[in-house]
Amino acid sequence: MRRILGLIIVNVIVITILAFATKYFWTRANLVVIIDNMTLEIVILAGYTLLLIGGYFDLSVDGVAAVSGVVLGLLINNGINWVIAIFAGLALGIGIGIFNGVIVAKFKINGLIATLTTWWICIGFSLGMTKAISPYNFPDAFQVLAQTKVFGFRVLIIYAIIAVVILSVVLHFTRIGSRIYVSGDNKQSAELMGIDTVKLGIILYTLVGLLAGFVGIMMASRLDAASPSTVDGMTLRVIAAIVIGGGSLSGGKGNIIAGVLGLVLMHVLSNAVIQLGISPYWQKAMLGSVLLVAVLSEKINLKRRI
Amino acid sequence: MKIETSKGVVAVAVVLSLVAGLIGGLVPIAVVKLTAPEPAPVVAEVAPVVTEPAREGTYYFLAGNNADPFYVDGVKGFNEAAKSVGMKAEFVGPMDLNLAAQMKTFEELIASPETKGIFWYPMDFNAGEPFIKEAVAKGIPMVIGAADSPFKTRNAFIGYNNTVLGQQAAQWAAKLIDCKGEVGTISVNGPNLDERVKGFNEYLKSICPDVVIDERATHDGSAASEASTLEAYMIAHPNLTLLWWADGAAGIQAQIWKDKQDQGVKTLFLATDMPQATLQAVKDGVFVGSVAQDILLSVPCPVLAVKAP
């Protein structure tokens, strides 16, 4: 709770400064743009937080999103009904998630290496199947899925809210949520307590695979094009946001809401460099510096409280 | 009969490629619904033709961000040219803007006895310079494309003059906005894009001193980053008269731009290059035009030049 409060304060300070320092930051249109562009990352973050708390890593998310979107796009362009294409894309995401889960949780292959290879395979297939030319021009009914506006926002915000609410409830109010925390904290203890950590690992990877497939499909709907490099770098941004939100890379710790607040900070700062007209050569340095200050200040506050 | 026909086509293609790429193809081609203005005053440096005798092996096209649809035509032309002269050719390099990966591949190509020649699309001239020197010292024909190295140690530069491309975009921009209003640019990072945008900004300022030119915004090459950069840029610059998307990725943002037009945004969108989606957006009136490089013609030149006696 303190972490959440700390992040709210940091966000409020940064947003207040930007509201005064720039002409258009504190406008409804800009806030809508910031939120619209982080919604799909929130969907991934919600599932990824569970995976990270459970003590696992998945670097294949960008690749799974790309290949799911591309397969959907190619199917639609080849005359397959878009509803069937969506199921195919989601099934592919689930399948890759199960595969990741089995090789990491069951065969104990290092999660970083295992999912790195899956990522490469997925990206390779996406590029190979499309030859870098994104399938585009999808049916209007399919485009509605991501382009419909709700109170001025893209409908994607609803999907993000649903993902955050459901997975927060699972994490904090169900037995499986407790098992995820225990398993991530100490796998041996979890097994002694009768928790099937292999099954849990496969479930968590499958969840992330499903969400990654969903994100690839929604990006295709939003852009009316399925790019093989649709969300490059999203995985690392999501991991960074979860860690800013107090998540531990070694498992056992984390919170979806805090992660979302970490993601808000990152997106606000990304938006700020454009609002402030900062030279592209300095953008990453500025982003990294502010995030470093945010993380350090949180650590210092924590030490003071101890 | 079939063989004779294909030989004829190949011969014509070879001649056209060499002539258009080495002499006339150095000026950007425009696909716009406008009468093209006079070409920009600067002419690209004409490169010396490499006369390395033909050797066994493979000719490599080493680039970066290889997933960009910009390369599709170039690779097609490169492979066709290689096939036409009976040479093996391969398009290599990282799928993203990973300089270390590009340099690693560079080193491997130079070390490989299979390498017959390298056509390099640079990501960083300084990083590539030692490899260029090494390649040239080993007798591997070293040709640079996209943007020429300031060191000039390569055997040849074959490609578009990015400064000229930027200037030509500026000419069209000036005509489109009647030298009034506010202009912005978006692109991915890279030395060729830096040259291009610098050429655009400086030339536009010189011919339209009253036009306000905003700082460029950059994206990371992914569709999601391009979309968020475009949307944030439009909020930061609500009075933008014209936006020039200086790299080849504009086409995938056509739907977002169409939405903006439906919402009443009047800003003109000038794209770059000729991916299918970009051309479609120009045809549909979503983009006002595209300043295009015909890499289908320019990229085959290094291969053909190496084979030439």
Side-chain angles (χ1 to χ4, degrees), chain A residues 22-25 27 29-34 36-38 40-41 62 65-66 69 120 123-124 126-127 130-138 143 147 149 154 215 219-234 267 270-281 283-284, chain B residues 65-73 75-76 91 95-97 184-190 193-194 197 214-239 248-249 251-259 262-263 275-277 280-281 284:
Chain A
T22 65
K23 196 173 174 186
Y24 299 108
F25 180 83
T27 58
N30 193 46
L31 299 178
V32 167
V33 163
I34 293 173
D36 271 354
N37 283 300
M38 63 185 288
L40 288 176
E41 289 188 5
D62 292 1
W120 283 343
I123 291 290
S126 305
L127 289 165
T130 58
K131 294 183 175 62
I133 302 171
S134 310
Y136 70 104
N137 203 9
F138 303 138
Q143 293 183 47
Q147 291 180 27
K149 293 286 177 75
R154 285 200 180 87
V215 165
M219 276 301 291
S221 170
R222 182 189 164 193
L223 297 173
D224 187 25
S227 167
S229 56
T230 186
V231 288
D232 199 21
M234 180 177 70
H267 277 261
S270 294
N271 184 271
V273 295
I274 294 171
Q275 294 291 334
L276 291 166
I278 293 171
S279 161
Y281 305 111
Q283 287 180 4
K284 281 201 164 60
Chain B
N65 199 24
N66 289 13
D68 194 315
F70 162 76
Y71 290 112
V72 172
D73 277 346
V75 173
K76 189 178 167 202
F91 179 51
M95 291 298 144
D96 52 9
L97 289 165
T185 47
I186 293 178
S187 79
V188 72
N189 273 318
L193 271 307
D194 294 346
V197 173
D214 295 320
E215 183 71 56
R216 166 176 59 145
T218 56
H219 58 81
D220 68 12
S222 71
S225 165
E226 289 158 11
S228 60
T229 303
L230 172 59
E231 296 200 304
Y233 198 74
M234 290 308 294
I235 297 289
H237 307 289
N239 302 317
I252 207 154
Q253 303 305 322
Q255 182 59 41
I256 285 184
W257 196 254
K258 191 169 176 296
D259 288 347
D262 292 344
Q263 290 160 17
Q276 211 176 351
Q280 190 62 48
D284 294 344

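Convention: sequence-line order gives letters A, B, ...; per-chain numbering from 1.
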Worksheet item: In terms of heavy-atom pairs under 4.5 Å with chain A, which of Gly221(B), Ser225(B), Pro238(B) leads?
Response: Pro238(B)
Worksheet item: Taking C-beta and beyond as the side chain, do Gln275(A) and Ile235(B) meet within less than 4.5 Å on heavy atoms?
Response: yes
Discussion item. Is any side-chain heavy atom of Arg222(A) closer than 4.5 Å to one of Gln255(B)?
Written reply: no
Using every non-hydrogen atom in the two residues, find where [X] and [Y] come nearest and quote the distance to one decimal.
X         : Y         : result
Ala223(B) : Ser227(A) : CB-CB, 4.0 Å
Ser222(B) : Val231(A) : CB-C, 4.2 Å
Ala236(B) : Tyr24(A)  : O-CD1, 3.4 Å

Where on [X] is there a heavy atom nearer than 4.5 Å to chain B: the side chain, the backbone, both, or neither?
X         : value
Thr27(A)  : side chain
Leu127(A) : side chain
Thr230(A) : both

Fill in: Any residue meeting salt bridge (charged side-chain N to carboxylate O under 4.0 Å, His left out) with Glu41(A), in chain and number order, not counting sequence neighbours
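By the salt bridge (charged side-chain N to carboxylate O under 4.0 Å, His left out) rule, Glu41(A) matches Arg237(A).
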Out of curiosity, [X] [atom1] to [Y] [atom2], how far, rounded to the nearest 0.5 Å?
X         : Y         : atom1 : atom2 : value
Ser229(A) : Asp220(B) : OG    : CG    : 8.5 Å
Asn137(A) : Gln276(B) : CG    : CD    : 10.0 Å
His237(B) : Ile274(A) : NE2   : CD1   : 8.0 Å

What part of [X] gets within 4.5 angstrom of chain A, counting heavy atoms only: side chain, backbone, both, or neither?
X         : result
Ile256(B) : side chain
Gln280(B) : side chain
Thr229(B) : both

Item to complete: Flag the one option from Leu223(A), Asp224(A), Asp36(A) with the top tally of heavy-atom pairs under 4.5 Å to chain B.
Response: Leu223(A)
Worksheet item: Between Gln147(A), Met234(A), Met219(A), which shows the greatest number of heavy-atom pairs under 4.5 Å with chain B?
Response: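 The candidate making the most pairs under 4.5 Å is Gln147(A).
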Practice prompt. Count the heavy atoms of every other residue, nucleotide or ligand shown that sit under 6.0 Å from NZ of Lys23(A), and state whether that count exceeds 12.
Written response: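 Open: at most 12 neighbouring heavy atoms sit under 6.0 Å from NZ of Lys23(A).
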Worksheet item: Residues in side-chain contact (heavy atoms from CB on, under 4.5 Å) with Asn65(B), at least two apart?
Response: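 Asn65(B) satisfies side-chain contact (heavy atoms from CB on, under 4.5 Å) with Asp68(B), Leu97(B) once adjacent residues are dropped.
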